[in-house]
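Everything on this sheet refers to the single structure shown next.
So that the names make sense, note that chain A is the first sequence line, chain B the second, and so on, each numbered from 1.
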Amino acid sequence: MNEKFLKPYNPKETEDAIYKKWLDSGFFDPDVCVEKGICDKDAEKFSIVLPPPNVTGILHTGHAAMLVIEDIMVRFERMRGKKTLWLPGTDHAAIATQSKVEKILMKEEKKNRHDLGREEFLKRVEKFAQDSHDTIVGQVKKMGSSVDWSREAFTLDEKRNFAVRVAFKKMYDDGLIYRDYRVINWDPKGQTTISDDEIIHEERKANVYTFKYSKDFPISIATTRPETKVGDTAVAVHPDDKRYKKYVGKEYDAEFCGVPLHIKIIADKDVDPEYGTGAVGVTPAHSMIDFEMSKRHDLPMKQVINEYAQMTVDTPALKGKKTKVAREIIVEWLEKEGLLEKTEETDQNISTAERTGCVVEPLPKLQWFIDTNKEISLQHSNIKGVKAGDKITLKELMRTVINNGQTQILPDRFHKVYFSWVDNLRPWCISRQIWYGHRIPVWYRTDKGGKEEIYCGIEAPKDGIWEQDPDTLDTWFSAGIWTFSTLGWPDETEDFKTYHPTNVLETGYDIIFFWVARMILMTTYLLGDIPFENVYIHGLVRDKQGRKMSKSLGNAVDPLELLEKYGADALRMSLIVGVPPGNDNNLSEEKIRAYKKFANKIWNASRFVVSNLDGLDTDKQPKLAKKDEKILHELDELTKDVTEDLENFRLYLAADKLYHYFWHTFADIIIEESKPRLEGDDEADKTSCQWMLYTMLTTMLKLLHPFMPFITEEIWDNISGHEKSLLMVEKWPNKEPK
RNA sequence: GGGCGAUUAGCUCAGUUGGCUAGAGCAACCCGUUUACACCGGGUAGGUCGGGGGUUCAAAUCCCUCAUCGCCCACCA
């Protein structure tokens, strides 16, 4: 027996060496598996593309859970002989990474990005991203992830950038990407636009002020933002509102806090006559709903707030003032003039920017958008119910592939969440005024003067003097094509043909909108296909009390620390057992410790079996005692059960069953009952018992391997006859009982 | 305002399509150590499965309703 078995299992000494062994074998790469005869050339494929972690720092326990879930699926399918690819990568995460580096820069050098300039700043970001990347790769390895490093990708590397440009141009040519001047969400701190999904609504108390613009203005209005009222160009009332009918169509001039206003009274059915005074001051430039209304009624737009959330009106009292200050000035003025009718406190949902926490300022701006309501037709279609050439919108495409079951979200309660997002989707603003990201592949001619000429292309135009659009793309644009940009698209590579669509996308419920929906949007349009067949949604890893892990609470645990303490296998189990898809996991160290004990149990039971196999010919099955037949039959039942659980993504049940069977049946009962038989004089019975134990152990190791790859591989290696084989590519036990 | 989830042992949670005396980890109590394992074994105690109603031979599981907690979405000024 190998000396290693004489000591308790030591994950620290074992894990890195085992991972290296796997890497050296090359079996993470499906091409190597085919080459070495591990899997058939024409075997069914199984592919997962890793949700690329942001290069903003280190991995947290949520990432660890993601890696474990995917690794279990991948190892299972690889052992089943499928041509299995798990493709790793990282995400440049544009705005998240840039703002992180900006924070560091400000803290350490008291500089902003403009102090460095675009080129130098980007160098800093790239350095930061590279360091993060290296840390992340190290962590991914520590978890035992069997990803194919030879295919590693980055959302902002050259190949992906090419794919992004090709995708952009196609969408531009089809009229799906367009430039428009409209009110967008502006983050005054981050100095960029953000999409609707990057907004966090925060509930706050706010005052609603009811007042008139001037003494002789006939209608009172209410608002929480009096400072924007200097930009009003209309007052809207409901068409059927008798109180105001006589004013509709009339126009009034007023002097509002020193600012001349010209207000038209309009009737619009979006106004709720029951709410407030039943009349709304319309500010086309600083409210999305008012902007829409102004378009319907052809109202003039008057911008009064700039990118720094300062007032731009010429009135000395207000000019240059922050909006918050301006609000106070105006309220004071209203009081003084006797125009303020009442002030009430109300709960208000205020929009803040996800990354900077700054209150979002709606501003009119010229930006790039994706139109999800424009009819297009697909050149090819593998989408059930959609033929090439059919007129269809992106929204409809997004609905179709879920409705027809081609892509399934697990648990399916998230279908509803998905649909409600799709239904309420407004034009997706994809341009950002940040520097880190994919530059928009559009150029403007500057040498002709006068009329602006626009060129969208994969490369810069050759003739004339052109300037590229300074903006970059929303990070989710490049993330949206991740399942195939990683496989070589737009080239028709072997990888692309073999592995796309992918089998599973595994991700958290917090990014269904950001990512899952965007991937479906981009893939159905660009490929006429689905990006993945199954979406496995995992929940959040929380602390023992169910609180979200966060730096400020100080309850965030570094998965690496847990791994050091308890071993990767124990951590893996604790992230899986009892955690159904979509559920949060309140992780405690006690739970991890329990699986460390389990690892030790496996180790010791294995030692017992291995040290009692003397004289057994493992190649030739002896005549089995009835009780051994029965035990092995039970094992077949377990195999079947576990296999079906894995096929149906019930990892949490499979892991639990294996735990219980190994400990409370195999170790507690079967091994205990085998002791007298192994000591006894009945040679035939002893041989039968040995065979049973041997079969039991090797089968259990195979079944456990996807969950606890390190310790099972290590034990496998210490069973005589296995010196040259790797458990990782052993055949999965047959699920049909013999 | 709309939607979703949760409520099971002292604590944190499982319980797959309704089906054997409802499970795990931790905590508690008792007994056990000349060998696979004290990172242990054996045993004990602990639950009217949030309340109420219904469907069924059978419900923690399905339906209705109420309560509490949590999450997501939303341009009511």
Side-chain angles (χ1 to χ4, degrees), chain A residues 1 5-6 8-10 183 185 196-197 199-201 208-210 221-225 228-229 232 235-236 270-272 274-283 287-293 346 348-349 351 362 411 413-417 419-421 423-424 426 509-510 512-513 539-540 542-548 566-567 570 573-574 577-612 641 644-645 648-650 652-657 659-660 663-664 667-668 671-672 674-675 693:
Chain A
M1 183 178 38
F5 267 137
L6 298 175
Y9 175 61
N10 185 340
V183 174
N185 308 303
D196 296 337
D197 299 287
I199 285 175
I200 311 263
H201 293 284
V208 190
Y209 304 97
T210 306
I221 56 161
T223 184
T224 52
R225 297 199 61 190
T228 63
K229 299 291 104 181
D232 281 10
V235 163
D270 270 7
V271 179
D272 179 357
E274 305 294 319
Y275 189 87
T277 63
V280 186
V282 184
T283 323
S287 153
M288 290 195 195
I289 186 169
D290 293 5
F291 176 77
E292 297 298 328
M293 212 182 275
T346 179
Q348 189 192 222
N349 269 332
S351 305
R413 63 170 186 266
F414 287 109
H415 285 147
K416 221 166 177 172
V417 179
F419 283 124
S420 72
W421 184 82
D423 291 343
N424 295 312
R426 290 186 289 173
Y509 56 63
D510 47 335
I512 292 177
F513 308 138
L540 260 43
R542 297 171 177 277
D543 76 359
K544 197 183 162 183
Q545 284 98 43
R547 297 175 306 177
K548 209 167 172 171
Y566 305 103
M573 283 295 273
S574 72
V577 177
V579 189
N583 276 29
D584 291 346
N585 179 11
N586 294 4
L587 186 67
S588 63
E589 289 209 29
E590 288 84 21
K591 188 174 178 187
I592 311 171
R593 200 175 299 126
Y595 293 105
K596 182 183 156 87
K597 287 184 182 177
F598 180 50
N600 196 54
K601 194 73 184 173
I602 297 173
W603 186 254
N604 285 307
S606 301
R607 171 188 358 200
F608 175 82
V609 173
V610 168
S611 59
N612 281 290
D641 223 11
E644 284 174 3
D645 281 342
N648 293 294
F649 305 111
R650 296 188 294 256
Y652 64 111
L653 287 183
D656 202 33
K657 281 173 191 166
Y659 172 84
H660 284 107
W663 201 316
H664 299 298
D668 287 353
I671 287 186
E672 287 308 318
S674 75
K675 284 177 182 172
L693 288 174

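Between the P atom of B:rG25 and the NZ atom of A:K597 lies a distance of 9 Å, rounded to the nearest Å. Nucleotide B:rC40 holds its C1' atom 11 Å from the CD atom of A:E672, rounded to whole Å. Taking atom CD1 of residue A:I512 and atom P of nucleotide B:rG5, one finds them 13 Å apart after rounding to whole Å. Regarding A:F598, its CZ atom lies at a distance of 13 Å from the C1' atom of B:rA24, rounded to whole Å. In this structure, NZ of A:K591 is placed 13 Å from P of B:rC26, rounded to the nearest angstrom. For the pair A:Y509 OH and B:rA6 P, the computed distance is 12 Å after rounding to whole Å. A straight line from CG of A:D510 to P of B:rC73 spans 10 Å, rounded to a whole angstrom. Straight-line distance from the CZ atom of A:F419 to the P atom of B:rC73: 18 Å, rounded to whole Å.
Note on ring orientation: taking the six-membered ring where Trp is involved, the planes of A:Y595 and A:F598 are perpendicular (angle over 60°, cut-offs 30° and 60°). Ring geometry for A:Y659 versus A:H664: interplanar angle over 60°, hence perpendicular rather than tilted (30 to 60°).
For the pair A:K229 and B:rA77, the criterion of a side-chain N or O lying under 4.0 Å from OP1 or OP2 is not met. The phosphate of B:rA24 (OP1 or OP2) has no side-chain N or O of A:H664 nearer than 4.0 angstrom. Contact annotation: A:N583 reaches the phosphate of B:rA14 (side-chain N/O to OP1 or OP2, under 4.0 Å). Contact annotation: A:K601 does not reach the phosphate of B:rA36 (side-chain N/O to OP1 or OP2, under 4.0 Å). Contact annotation: A:K416 side-chain N/O to B:rC4 OP1/OP2 distance is under 4.0 Å.
Within the model, atoms CG of A:D270 and CE of A:M293 stand 5.5 Å from one another, a figure rounded to the nearest 0.5 Å. Considering CG of A:N604 and NZ of A:K597, their distance stands at 13.5 Å, rounded to 0.5 Å. Atom CD1 of A:I221 is separated from atom CG of A:D232 by 5.5 Å, given to the nearest 0.5 angstrom.
Proximity of a side-chain donor or acceptor of A:R426 to a complementary backbone N or O of A:D196 within less than 3.5 Å is not detected. Looking only at distances, a side-chain donor or acceptor of A:K229 sits under 3.5 Å from a matching main-chain atom of A:G281.
With P as the reference atom, B:rA36 and B:rC31 are 25 Å apart, rounded to whole Å. Taking atom P on both nucleotides, B:rU16 is separated from B:rG54 by 25 Å, rounded to a whole Å. On the C1' atoms, B:rA9 is 40 Å away from B:rG1, given to the nearest whole Å. For the P atoms, the distance from B:rG52 to B:rU8 is 15 Å, rounded to whole Å. Nucleotides B:rC30 and B:rA67 place their P atoms 46 Å apart, quoted to the nearest Å. Separation of the C1' atoms belonging to B:rG47 and B:rA14 is 15 Å when rounded to the nearest angstrom. The same atom, P, is picked in B:rC64 and in B:rC4; the two are 11 Å apart, to the nearest Å. The gap from the P atom of B:rA60 to that of B:rG50 amounts to 10 Å, rounded to the nearest Å.
Residue A:W663 places its side chain closer to B:rG41 than to any other of B:rA77, B:rG41, B:rG15. Relative to the side chain of A:Y652, the nucleotides B:rC39, B:rA24, B:rA14 differ in distance, and B:rA14 lies closest. The nucleotide whose nearest atom lies closest to any side-chain atom of A:A605 is, among B:rA74, B:rA36, B:rU16, B:rA36. For A:Q348, taking side-chain heavy atoms from C-beta onward, the closest of the listed nucleotides B:rA74, B:rA77, B:rA36 is B:rA77. Nearest nucleotide to the A:K596 side chain, out of B:rA36, B:rC39, B:rG41: B:rC39. Picking from B:rA36, B:rG25, B:rG15 the nucleotide with the shortest atom distance to the side chain of A:Y659 gives B:rG25. Of the listed nucleotides (B:rC40, B:rC73, B:rA36), B:rC73 has the atom at the smallest distance from the side chain of A:F513. Minimum atom distance to the side chain of A:A594 is reached by B:rG25, of the listed B:rU16, B:rG25, B:rC73. Out of B:rC75, B:rC39, B:rC4, the shortest distance to the side chain of A:R413 is found at B:rC4.
At the heavy-atom level, A:P580 lies under 4.0 Å from the strands shown only through sugar-phosphate atoms. Among the heavy atoms of the strands lying under 4.0 Å from A:R426 is at least one base atom, whether or not backbone atoms are also near. Among the atoms of the strands shown, base atoms are found under 4.0 Å from some heavy atom of A:N349. As judged by a 4.0 angstrom heavy-atom cut-off over every strand, A:A667 is placed among the base-contacting residues.
Projected onto RNA chain B by closest heavy-atom contact, A:G276 and A:H660 fall at different nucleotides, the more 5' of which corresponds to A:H660. In terms of position along RNA chain B, the nucleotide closest to A:E590 lies nearer the 5' end than the nucleotide closest to the other residue of the pair A:S420 and A:E590.
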Inset, instruction - Apply side chain to side chain contact (heavy atoms under 4.5 Å, CB included) to A:N612 and A:K675, showing your working. - result: CA-CA 10 Å; A:N612 281 290; A:K675 284 177 182 172; over 6 Å; no
Inset, instruction - Please assess A:W421 against A:D197 for the test side chain to side chain contact (heavy atoms under 4.5 Å, CB included), listing each intermediate value before the final yes or no. - result: CA-CA 10 Å; A:W421 184 82; A:D197 299 287; 2.7 Å; yes
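In this entry B:rU55 has no Watson-Crick or G-U wobble partner, no candidate having both defining distances under 3.5 Å. For B:rA60, there is no paired nucleotide, since no Watson-Crick or G-U wobble pair has both relevant distances below 3.5 Å. Using N1 to N3 plus N6-O4 or O6-N4 for Watson-Crick, or N1-O2 and O6-N3 for G-U wobble, each under 3.5 Å, B:rA6 pairs with B:rU68. Look at B:rU12: its Watson-Crick or wobble partner, with both distances under 3.5 angstrom, is B:rA24. The partner of B:rC39 is absent, by the rule that a Watson-Crick or G-U pair needs both atom distances under 3.5 Å.
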